[in-house]
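Worth knowing before you read on, the calculation uses all heavy atoms, side chains too, and leaves out hydrogens, waters and symmetry mates. Quick caveat, the model's predicted, so the values are computed rather than measured.
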Amino acid sequence: MKVFGLWAILIVLSYALQTSLLTFISFDGFSANLMLLLTVSVAYLRGYKVGVFFGFIVGILQDLTTGSYFGLATFSYMTVGLVFGRFSVNLFREQSLLPVISALPALALHFAVMIIFLLMLGRQIDFVRFVKFDFWPTAIMQVVLAYPVYRIVHSLNEYTKQQR
């Protein structure tokens with residue numbers, strides 16, 4: 001129960017940081033997505049099953065608090081957890097550079113899932129404006145924050161292994 005509580009505290013603190021402090025460092029309303037970085041890190045360290053579960057938890061949290069299309073963030077984070085958790089089987093999980101390199105593909109996958117669903121719902125999306133003003137500023141912040149987030153998740157993962 002103590003281990004679950006520590007992971008829950010990490011999720012809540014990260015979400016609070018993402019929705020409060022990081023909004024001051026945003027470009028055109030887009031800032032770093034700590035929930036996505038957490039999901040990728042957990043998926044690499046713990047595998048696809050835990051990655052999908054973690055994506056479900058952070059996605060539900062985001063869906064419940066944003067008031068957007070319910071289930072869209074949940075599905076997107078679960079997809080990211082599945083894809084990057086599957087890749088972790090063939091990779092050395094303690095590789096520190098891997099989550100930094102994966103920050104861009106994870107963001108691209110997250111946005112792709114969101115855009116596909118929004119297009120299916122009939123929303124119009126200006127792709128040039130999206131890539132220029134939404135994707136790249138967010139991508140730069142993702143890469144900058146990927147390593148610190150991974151180190152925090154890695155430390156918590158090592159601590160929870162010792163608690164078993």
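Formation of a donor-acceptor pair under 3.5 Å by the Q62 side chain with backbone atoms of T74 is not found in this model.
Once rounded to the nearest 0.5 Å, the distance linking CH2 of W136 with CE of M141 reads 13.0 Å. Once rounded to the nearest 0.5 Å, the distance linking OG1 of T65 with CD of Q18 reads 9.0 Å. Taking CG of L145 as the reference point, atom CG of L36 lies at 11.5 Å (rounded to 0.5 Å). Taking CG of L10 as the reference point, atom CG of L6 lies at 9.0 Å (rounded to 0.5 Å). Between the CH2 atom in W7 and the CG atom in L38 there is a gap of 8.0 Å [rounded to 0.5 Å].
The hydrophobic cluster containing V153 also contains V3, counting ILVMFWY residues as joined when their side-chain heavy atoms lie under 4.5 angstrom apart, directly or transitively. Criterion: ILVMFWY side-chain heavy atoms under 4.5 Å apart, direct or through other members. Under it, L13 and V42 are not part of a common hydrophobic cluster. Cluster membership for Y159 and I9, using ILVMFWY side-chain heavy atoms within less than 4.5 angstrom, is not shared.
The 12-atom threshold is not exceeded at CZ of F53, counting heavy atoms of other residues, nucleotides or ligands nearer than 6.0 Å.
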Would you check, one step at a time, whether the test side-chain contact (heavy atoms from CB on, under 4.5 Å) holds for L64 with F70? CA-CA 7 Å; L64 288 173; F70 189 77; 3.7 Å; yes
Given M35 and S14, is the side-chain contact (heavy atoms from CB on, under 4.5 Å) satisfied, shown in steps? CA-CA 7 Å; M35 299 294 108; S14 297; 3.4 Å; yes
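For the residue pair D63 and Y77, no side-chain donor N or O sits within less than 3.5 Å of a side-chain acceptor on the partner.
When all heavy atoms of V144 and P148 are compared, the pair lying nearest together is O-CD, 3.6 Å.
T160 is listed as a side-chain neighbour of R46, based on a closest heavy-atom distance under 4.5 Å.
Screening L97, L45, L37 for a side chain to side chain contact (heavy atoms under 4.5 Å, CB included) involving Y150 leaves a single residue, L45.
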Per-pair distances, 0.1 Å, donor-acceptor, side chain in residues 100-125, under 3.5 Å, sequence neighbours excluded:
unit_1 : atom_1 : unit_2 : atom_2 : d
S102   : OG     : Y44    : OH     : 2.6
S102   : OG     : L98    : O      : 2.8
H110   : ND1    : S76    : OG     : 2.5

Please list, one pair per line, the donor and acceptor atoms closer than 3.5 Å that link side chains of residues 54-61 to other protein atoms, with sequence neighbours excluded.
none

